[in-house]
Number of protein chains: 2
Amino acid sequence: MNPTQILNALISENLVSDPNGARGRLLKEAARLFRDKGYERTTVRDLAAAVGIQSGSLFHHFRTKEEILKAVMVETIRLNTALMQAAMDAAATSRDKLRALVRAELESVNGQTGEAMAVLVFEWRSLSEESQAEVLELRDIYEQLWLDTLQALRDEGRLLADPFVVRRMLTGALSWTVTWYRPERGGLSLDGLTDQTMAMMGFAPEH
Amino acid sequence: MNPTQILNALISENLVSDPNGARGRLLKEAARLFRDKGYERTTVRDLAAAVGIQSGSLFHHFRTKEEILKAVMVETIRLNTALMQAAMDAAATSRDKLRALVRAELESVNGQTGEAMAVLVFEWRSLSEESQAEVLELRDIYEQLWLDTLQALRDEGRLLADPFVVRRMLTGALSWTVTWYRPERGGLSLDGLTDQTMAMMGFAPEH
DNA sequence: GTCTATAATGGGATAGAC
DNA sequence: GTCTATCCCATTATAGAC
């Protein structure tokens, strides 16, 4: 399954909103605004204006502003878990699985879903504690993909450090790319950045 | 010079506030509140209450709330630049210099100045653009320490990736430790975490 | 399902007494 | 240098018409 097919499957299961529908469009604009200005500095008027309605009308679709933030996060995690699973399944060796995971996370962070991923990282504290707990459960699913792969490399003697620590270091390193990586300005491609990440860990690119 | 001597030197030069003075105490409480609740969700009433005064009295010390955020960031960078420079000067080889930098940044992020460092990372967008520019200039000084060290390792063939990319990856990885690393809960010491970081890059610990 | 109008609250900042 | 009192404004959310 390619990325488009995965997205369509999730939409038909009602796990993520159709980006062409009213709800999906709002969530997309919300992700952009939350990333650019931060959740607190984005007003419901901003959100409404972004989809061309009045602020009062927003509350027909969502009960509170926070519900919008939560929906952005939940749908983003669902989509990216599916994408990451698919990327990993297509790889054969542990090294290639790790590369696939790094590539997929960089794609999530810097591609189509980049705005929503940045929100997930930087607006975490704006979510109520109850919502945080719900979202954390979803996150655990795809964290396990990483840990299994890193443990395999460790067993093969190709990784010197603790898989748990490495995953957390990589979470920070890869998320942080949203603050500086600008593929459109020429320079490094997404594959190039993936190679650099692997090289930092001592995995030379294949030739 | 040990860390305490460095701090005292900076205080006597008026580059950072005395943590026992009124201003220093407020900045310390502000860092804690900004990290815990975020800048936007922290009110001037919260800030005033944390040091036992009324909100109106705050504006005798700072003209605006944003000025407090900026002061937290500026003083933190000044202190950490000095600490990092000292840590690096004490090391002989490139590998040891890198280890010293990693150790110093982990100490900054997770030690006494940890709250302020977290603010620097997560509240960046709350700073006005003019203030961002000022703070960025200060940051460039210590970024150069990293780049020089990483370039030396690269020249020695001990680092496979681009120094520039590696520094940015490490910025993310090390900053992110504030979200999960809890030294007090037993487990990993700061030196242990430093070793893990080096190991992730293929540098085995000395024995 | 969107509009207009507005309620209700909480925020940053100021003024002047002490 | 801190207090009390308060201004002024922006914000989230609601109500009821269309």
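Source: prediction; values computed, not measured. Chain naming here is simple, since letters A, B, ... match the order of the sequence lines and numbering starts at 1 in each.
Separating the CG atom of L26(B) from the C1' atom of dT2(D) is a distance of 14 Å, rounded to the nearest angstrom.
For the pair H60(A) and dG1(C), the criterion of a side-chain N or O lying under 4.0 Å from OP1 or OP2 is met.
Judged as a salt bridge (charged side-chain N to carboxylate O under 4.0 Å, His left out), and not counting sequence neighbours, the contacts of E67(A) are R63(A). Shown here are the salt bridge (charged side-chain N to carboxylate O under 4.0 Å, His left out) partners of R41(A), two or more places apart in sequence or in another chain: E40(B).
Cation-pi geometry between K65(A) and Y39(A) is met: under 6.0 angstrom from the ring centre, within 45 degrees of the axis.
Note: W176(B) and F122(B) have tilted aromatic rings, judged against thresholds of 30 and 60 degrees for the angle between ring planes.
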Along nucleotides 3-18 of chain D, 5' to 3', which nucleotides get a B, which get an S, and which get a -, given that the test is a protein heavy-atom distance under 4.0 Å?
BB------BBBB----

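One finds the CG atom of L153(A) at 11.0 Å from the CG atom of L160(A) (value rounded to the nearest 0.5 Å).
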